[in-house]
> 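Mind looking over this structure? Questions follow.
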Protein chains: 2
Amino acid sequence: MKDNNDTKNRILEEAEILFAEKGFNAVSIREVTAAARCNTGAVNYHFQSKKKLYMEVFRSRWIPRELKMYEHLKETLAKVESPSPATVIKAVAEAYLEGPLSEEELRRHRQLIIREINNPTEAFEMVADQTLRPLFAYLQGRLHPYLPGHLDDESLTLDIMSIFGVLLYFTYSRPMISRVTGRKYDPEFKARLVNQVVRFSLEGLGVDGKEGK
Amino acid sequence: MKDNNDTKNRILEEAEILFAEKGFNAVSIREVTAAARCNTGAVNYHFQSKKKLYMEVFRSRWIPRELKMYEHLKETLAKVESPSPATVIKAVAEAYLEGPLSEEELRRHRQLIIREINNPTEAFEMVADQTLRPLFAYLQGRLHPYLPGHLDDESLTLDIMSIFGVLLYFTYSRPMISRVTGRKYDPEFKARLVNQVVRFSLEGLGVDGKEGK
DNA sequence: GTCTATAGCAGGATAGAC
DNA sequence: GTCTATCCTGCTATAGAC
């Protein structure tokens, strides 16, 4: 395990950037290898095909990164005795909007999953199994005891989805938000979004927003 | 204006279906013309290039359809004296989730705009100018007088965006919702989503959800 | 493990027959 | 206005040198 997978990693890095920005079909192997400063043969040597390179981006980069965010979330919640819904939602919103990732990393991360949600490939099943479904189950378990108003699990599922809807929307539609509102997406604005999502979500859940603030 | 633009219309129709399903780059002219039962030359004759065909799909189909939804929305609201936020939101949710469009049409419609939001091309500016910005302005004007809690316009803008976030999410992520919850996306489920969005959004706006129900 | 060279194919766009 | 035939470019993937 010397550093001879240096090229391999550079390819993965550049491939992720390009796939996120332009989508699978709009990216050519030549483009990736030019960015990674190596030759097209290297992709086929390390990953066999373009499709498998795409899958590997999710397997070895996207999923671990998403799991890192879950860890961040769980650590935040571990510090609190028995976290209220307000605390849970705030932790999720922060992990998703500010979180342990850089702004550019987060943006790429979202673009990739939006593409998969809008237009699923094999990558989606892998991602859903290893990240999305477990996270949903986790949040459902966290929130369920506090929300006796949700008699059936489906109501709670839909509410959790609504929260993700808002969260995803505010990251993936960043260019649109700037264009429609003319507002710059600076840290101040981002903090404001977190508050917005927390307040909106909590009240959507029918919980008093001030409780955990 | 005989019916000699029959081929032209078939191309537009099939192009929209394919662009929505697979995205611009994944669709070839050959694929479109095969579906439209004509030859590749016809595309270049009628639209000059693939890119211009894509733009024309938005210009002559997507934007008019979106405007039709706004008309539907405005007609609904015209029947009510001075509609409350609850009525406004419910009308928006219905227009967006049930609306005047068929389920397949609505799905395609969403997929196209999600792609543009995630990855804007020239089509986005056109769409934003002619549909998104006017709709935002309209809703802002409708809701503003009823929400004295929103002292600045930006809070209201963000709240309206949150509502769109949930709405868009529930249409574009339909495959994901089915996959994650195992629930079929039938009319019953769709009606449930409308209620969910209305309740969640209204409470997110800080308005009593029962008022307009 | 990384490179060059190339096979083999598919795509966009055009020219010209009908 | 629609078709066929064709050009040319750019792509993936492979074979083989280093």
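Convention: sequence-line order gives letters A, B, ...; per-chain numbering from 1.
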> Do R65(B) and E16(B) touch side chain to side chain, with heavy atoms closer than 4.5 Å?
yes
> Taking the side chain as every heavy atom from C-beta outward, state whether F47(B) and L12(B) have any pair of such atoms under 4.5 Å apart.
yes
> Step by step, would you call M161(B) with F136(B) a side-chain contact (heavy atoms from CB on, under 4.5 Å)?
CA-CA 9 Å; M161(B) 288 197 156; F136(B) 263 76; 3.4 Å; yes
> In whole angstrom, give the distance that lies between atom CD of Q48(A) and atom P of dT14(D).
9 Å
> Going 5' to 3' along nucleotides 3-10 of chain C, which nucleotides have protein heavy atoms under 4.0 Å from the base (write B), which only from the sugar-phosphate (write S), and which from neither (write -)?
SB------
> Does anything in residues 10-23 of chain A reach DNA chain C, meaning a heavy atom under 4.0 Å, and if so which residues?
none
> Tell me, do E116(B) and V127(B) make a side-chain contact under 4.5 Å, heavy atoms counted?
no
> Between P on dG11(C) and CG on N25(B), what's the gap in Å once rounded to a whole number?
12 Å
> Report for the helix from dG1(C)-dC18(D) to dC18(C)-dG1(D): angle between first-end and last-end helix axes, five pairs each, rounded to 10 degrees.
0°
> Tell me: CG of N44(A) to P of dA15(D), nearest whole Å?
11 Å
> Quick one: label V27(A) by what it contacts on the DNA or RNA (base, sugar-phosphate, nothing), any heavy atom closer than 4.0 Å.
sugar-phosphate
> Are K8(B) and Y45(B) in a cation-pi setup, meaning NZ or CZ lies under 6.0 angstrom from the ring centre and within 45 degrees of the ring axis?
no
> Give, ordered by number, those residues of residues 49-57 of chain A having at least one heavy-atom distance below 4.0 Å to an atom of DNA chain D; if nothing qualifies, reply none.
S49(A), K50(A)
> Residues two or more places apart in sequence or in another chain: which of them pass side-chain hydrogen bond (donor to acceptor under 3.5 Å, both in side chains) with N9(B)?
none
> Could you give the NZ-to-P distance, from K8(B) to dG1(D), as a whole number of Å?
9 Å
> Would you name the heavy atoms of F58(A) and A123(A) that are closest together and state the gap between them?
CD1-CB, 3.9 Å
> Would you please indicate yes or no on a ring centroid separation below 6.0 angstrom for F164(A) and Y96(A)?
yes
> When R61(A) is tested against each of E56(A), E105(A), E14(A), E13(A) for salt bridge (charged side-chain N to carboxylate O under 4.0 Å, His left out), which residue passes?
E13(A)
> Looking at CG of N118(B) and CD of Q111(A), how far apart are the two atoms once the value is rounded to the nearest 0.5 Å?
5.0 Å
> Using distance only, find each side-chain donor-acceptor pair of residues 67-78 of chain A under 3.5 Å and give its atom names and separation, not counting sequence neighbours.
unit_1	atom_1	unit_2	atom_2	d
Y70(A)	OH	E66(A)	OE2	2.8
Y70(A)	OH	T131(A)	O	3.3
T76(A)	OG1	H72(A)	O	2.9

> May I ask you to check if K50(B) and F19(B) form a cation-pi contact, with NZ or CZ under 6.0 angstrom from the six-membered ring centre and within 45° of the axis?
no
> Whole-Å distance between dG1(C) P and D6(A) CG?
13 Å
> Got a salt bridge between R108(A) and E103(A), using NZ or NE/NH1/NH2 to carboxylate O under 4.0 Å?
no
